[in-house]
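Presented below is the structure to which this report refers.
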Amino acid sequence: MSLTVSVFGTGYLGATHAAGMAELGHTVIGVDVDAAKIERLARGEVPFFEPGLPELLRKHVESGRLRFTTDARLAAAEADVHFIGVGTPQKKGEQAADMRFVDAVIETLAPLLTRPSVILGKSTVPVGTAARLAERVRELAPVGGAAELAWNPEFLREGFAVEDTLRPDRLVIGVDRDRPGRVEQVARAVYAEIIERGTPFLVTDLATAELVKVSANAFLATKISFINAIAEICEVTGADVTQLADAIGYDERIGRKFLGAGLGFGGGCLPKDIRAFQARAGELGVGPALGFLREVDEINLRRRERVVELVTECAGGALNGAKVAVLGAAFKPNSDDVRDSPALDAAGRLHLAGAQVRVYDPEAAANAAAIWPTLTYASSMVEACEGADVVLVATEWKEFREADPVALAALVSEAKVIDGRNCLPVERWLAAGWEYHGLGRFA
Ligand SMILES: NC(=O)C1=CN([C@@H]2O[C@H](COP(=O)(O)OP(=O)(O)OC[C@H]3O[C@@H](n4cnc5c(N)ncnc54)[C@H](O)[C@@H]3O)[C@@H](O)[C@H]2O)C=CC1
Ligand SMILES: O=C(O)[C@H]1O[C@H](OP(=O)(O)OP(=O)(O)OC[C@H]2O[C@@H](n3ccc(=O)[nH]c3=O)[C@H](O)[C@@H]2O)[C@H](O)[C@@H](O)[C@@H]1O
């Protein structure tokens with residue numbers, strides 16, 4: 001069944017979700033308060049880097065199935081289902097999530113709902129938010145309880161956003177058990193094509209759906225920090241964390257995924273989500289239950305310091321004036337996102353410590369420069385490496401993993417590389433004469 005849906009927020013999540021909904025056969029209206037972003041999207045341009053998304057978005061903009069507007073009234077007038085995909089960043093100077101964007105959508109949209117409608121929240125929110133917003137919708141909507149709200153968390157990964165949207169591992173929808181309505185049925189219609197393929201479709205209460213999302217991210221963050229804690233032990237014992245991860249990863253109960261030791265996790269989600277989760281647990285009087293997430297955060301941030309330490313050692317004990325090539329600024333490859341990026345953070349720390357840093361990233365330089373305008377940005381890997389005393393691989397772009405170590409060795413001043421993502425073929429780099437340092441291996 002083809003529906004008309006709106007998506008509030010057209011950032012990494014919202015723009016992908018809007019294009020994905022169109023691909024599933026629905027008519028879609030993307031709504032954002034950022035007029036410049038909406039203008040670009042309406043022309044069929046994606047204002048950020050996400051593989052596969054430009055093609056999908058353009059296809060549906062051109063067919064007329066996907067439109068963009070800044071006018072919430074248009075969405076309220078035409079759509080029966082409204083997704084909320086606006087940001088929930090960390091509050092400045094606090095651990096908690098800033099809910100003002102989600103709240104603003106409800107305050108704008110709910111009074112415009114003059115016919116039975118369904119609101120599906122996708123943003124990552126503190127547990128208890130959905131129940132609060134459901135109440136607010138009933139208060140504000142002219143149709144009262146005929147405007148229903150459910151929570152439908154999103155699990156997409158940047159870099160694989162289109163694939164994850166169209167072929168998710170599971171769909172979760174949290175509903176208000178005390179007010180059974182038509183929301184579950186509508187959600188089933190929205191995702192019919194995905195459900196028909198046998199994708200698990202879990203219907204829970206509101207709190208469980210909210211907690212599923214933050215628990216998943218907390219688990220992923222914990223897994224990464226676990227292996228990075230072991231990397232610290234490997235560094236003082238001469239052990240190799242990548243071999244160790246392979247060995248424990250063969251145990252199916254553990255699994256090899258997310259045991260990539262290195263510079264640690266960053267991005268617009270894992271760091272702020274584990275902090276917001278701790279803050280919420282504190283508010284609920286169960287702070288100690290999530291005390292371990294503080295350690296997870298600390299282990300993660302220590303990896304950034306360790307990289308600076310390694311660069312300093314490679315530069316002969318002092319960073320002042322050392323020429324450092326930093327390859328990568330994005331928080332992960334196949335993304336231009338630099339929010340809480342370990343790569344950019346390490347580059348910034350090196351710069352502040354007096355190193356002459358030249359950063360190269362195939363997609364993220366413009367976003368990086370907006371945060372760190374005082375860093376020097378090279379337009380190629382070669383330009384970044386020319387004359388460098390130390391090369392730091394900070395984001396595992398394919399271009400770096402597959403770089404020719406012989407050619408690079410001829411460009412640099414000193415052939416010393418720190419593999420901040422344990423992603424380089426070590427034997428090739430050693431054979432090309434490089435002094436190689438990984439994290440948790442060959443330290
Ligand atoms: N980026 C990702 O891969 C994923 C993000 N999430 C969650 O999705 C939410 C959004 O994340 P991102 O897309 O990364 O954020 P983002 O910062 O890229 O995009 C947020 C968008 O919301 C817009 N916005 C703010 N107030 C608005 C309003 N009142 N009405 C309409 N639009 C408004 C902003 O202008 C911006 O374009 C967050 O809660 C995040 O935790 C969940 C899964 C994946
Ligand atoms: O809530 C969200 O926004 C999303 O957060 C993460 O997705 P994403 O932030 O796009 O990226 P990940 O692939 O999870 O990587 C996060 C960070 O962990 C790092 N990482 C990942 C894996 C690993 O083994 N080691 C490691 O250091 C990456 O380099 C990156 O900095 C989750 O994987 C998604 O399921 C979730 O929907």
Side-chain angles (χ1 to χ4, degrees), residues 6-18 30-38 41 47-48 50 68-72 75 82-90 97-109 121-126 129 152-161 164-165 168-169 213-214 216-221 223-228 231 242 245 249 255-274 276 300 303 328 330-335 337-345 394-396 420-423 439:
S6 79
V7 181
F8 281 76
T10 58
Y12 288 94
L13 178 148
T16 313
H17 192 68
V31 187
D32 205 291
V33 288
D34 182 337
K37 195 178 266 186
I38 285 295
L41 287 162
F48 53 89
E50 181 59 48
F68 290 95
T69 181
T70 52
D71 188 358
H82 305 280
F83 288 98
I84 305 176
V86 297
T88 49
Q90 193 176 337
D98 188 343
M99 295 307 297
R100 77 187 127 131
F101 306 108
V102 171
D103 290 346
V105 172
I106 295 296
E107 297 297 318
T108 306
L109 176 63
K122 290 207 83 63
S123 302
T124 303
V125 294
T129 301
N152 171 216
E154 176 58 55
F155 303 98
L156 71 81
R157 295 159 298 167
E158 289 178 27
F160 300 92
D164 288 348
T165 299
D169 292 340
K213 172 64 201 176
V214 283
N217 277 2
F219 190 85
L220 293 171
K223 208 171 171 191
I224 297 168
S225 277
F226 172 81
I227 201 66
N228 280 331
T242 58
R256 181 64 173 85
K257 289 180 183 161
F258 273 69
L259 286 182
L263 254 170
F265 60 81
C269 293
L270 298 193
K272 62 110 171 138
D273 287 352
I274 60 166
N300 191 51
R303 292 287 78 190
F331 85 107
K332 65 188 277 194
N334 298 317
S335 173
D337 197 345
V338 296
R339 289 178 289 182
D340 206 344
S341 166
L344 189 58
D345 184 66
T395 311
E396 67 275 35
R421 291 292 177 184
N422 291 335
C423 64
L439 286 182

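Counting convention: from 1, in listed order, for ligands and their atoms alike. Computed from a predicted model, the values in this text were never measured in an experiment.
Considering backbone and side-chain atoms alike, K213 places every N or O at 3.5 Å or more from each N or O of ligand 1. Considering backbone and side-chain atoms together, F155 places an N or O closer than 3.5 Å to an N or O of ligand 2. For G266, a nitrogen or oxygen atom sits less than 3.5 Å from a nitrogen or oxygen atom of ligand 2, counting backbone and side chain alike. The distance criterion of under 3.5 Å between nitrogen or oxygen atoms is not met by E154 with respect to ligand 1. Any N or O atom pair closer than 3.5 Å counts here, and L13 shares at least one such pair with ligand 1. Considering backbone and side-chain N/O atoms, K37 comes within less than 3.5 Å of an N/O atom of ligand 1. Residue E158 has at least one nitrogen or oxygen atom sitting less than 3.5 Å from a nitrogen or oxygen atom of ligand 2, judged on distance alone. Not one N or O of K122 is nearer than 3.5 Å to an N or O of ligand 1, by distance alone. Checked against a 3.5 angstrom limit, the closest N/O atoms of I224 and ligand 2 fall outside it. Residue R339 places at least one N or O, backbone or side chain, under 3.5 Å from an N or O of ligand 1.
The two residues G328 and A343 come nearest to each other via the heavy atoms O-CB, 3.5 Å. Considering all non-hydrogen atoms of both residues, T395 and K332 come closest at CG2-C, 3.5 Å. Heavy atoms only, all atoms of each residue included: L156 and E154 are closest at N-OE2, 2.9 Å.
Distance from atom 18 (O) of ligand 2 to its nearest protein heavy atom, with residue and atom name: F265 CB, 3.2 Å. Of the protein's non-hydrogen atoms, the one nearest atom 28 (C) of ligand 2 is F331 O, 4.0 Å. G87 N, 3.5 Å is the protein heavy atom nearest to atom 20 (C) of ligand 1. Nearest protein heavy-atom contact of atom 19 (O) of ligand 1 is G11 CA, 3.3 Å. In terms of protein heavy atoms, atom 24 (O) of ligand 2 is closest to G260 N, 2.8 Å. Protein heavy atom in closest approach to atom 24 (N) of ligand 1: V86 CG1, 3.6 Å. Among all non-hydrogen protein atoms, the one lying nearest atom 41 (O) of ligand 1 is K272 NZ, 2.6 Å. Nearest protein heavy-atom neighbour of atom 35 (O) of ligand 1: D32 OD1, 2.6 Å. Among all non-hydrogen protein atoms, the one lying nearest atom 7 (C) of ligand 1 is T124 OG1, 3.6 Å. Protein heavy atom nearest atom 1 (N) of ligand 1, with residue, atom name and distance: E158 OE2, 2.9 Å.
Annotation: side chain of I227 is not in contact with side chain of K223 (no heavy-atom distance under 4.5 Å).
The closest donor-acceptor contact from the side chain of S123 to the backbone of V86 lies under 3.5 Å.
Around atom 11 (O) of ligand 2, the closest heavy atom drawn from R157, K272, K332 belongs to K332. Among A75, A15, G85, the residue whose heavy atom lies closest to atom 10 (C) of ligand 1 is G85. Comparing C269, G267, P168, S341 by heavy-atom distance to atom 5 (O) of ligand 2, the nearest is C269. The nearest non-hydrogen atom to atom 32 (C) of ligand 2, considering only N217, D340, T88, comes from N217.
With a heavy-atom cut-off of 4.0 Å, R421 touches ligand 2 through its side chain alone. At a heavy-atom distance under 4.0 Å, only side-chain atoms of C269, from C-beta outward, approach ligand 1. Residue K213 touches ligand 2 through its side chain alone, judged by heavy-atom distances below 4.0 Å. The residue T108 has no part lying near ligand 1, judged by heavy-atom distances below 4.0 Å. Contacts of T395 with ligand 2, taken as heavy-atom pairs under 4.0 Å, are absent altogether. Using a 4.0 Å cut-off between heavy atoms, L220 contacts ligand 2 through its side chain alone, with no backbone atom that close.
Counting atoms of ligand 1 from 1 in the listed order, those under 4.0 Å from a heavy atom of V105 are 28 (C), 29 (N), 30 (N). Of all atoms in ligand 2, numbered sequentially from 1 with element shown, those under 4.0 Å from a heavy atom of L259 are 24 (O). Every atom of ligand 2 with a heavy atom of E154 under 4.0 Å away is listed here by number and element: 37 (O). Close approach of ligand 1 to V31 (heavy-atom distance below 4.0 Å) involves ligand atoms 31 (C), 32 (N). Heavy-atom proximity to G264, at under 4.0 Å, picks out these atoms of ligand 2: 19 (C), 27 (O), 31 (O). Near T88, with a cut-off below 4.0 Å to any heavy atom, the atoms of ligand 1 are 38 (C), 39 (O), 41 (O).
Taking CG from D345 and CZ from F331, the interatomic distance works out to 14.5 Å, rounded to the nearest 0.5 Å. The structure places OG1 of T242 at 11.5 Å from CG of L259, a figure rounded to the nearest 0.5 Å. Between the CD1 atom in I274 and the SG atom in C269 there is a gap of 12.0 Å [rounded to 0.5 Å].
Using the six-membered ring where Trp is involved, Y12 and F48 have ring planes that are tilted, between 30° and 60° apart.
Other residues, nucleotides and ligands place more than 12 heavy atoms under 6.0 Å from the CZ atom of F155.
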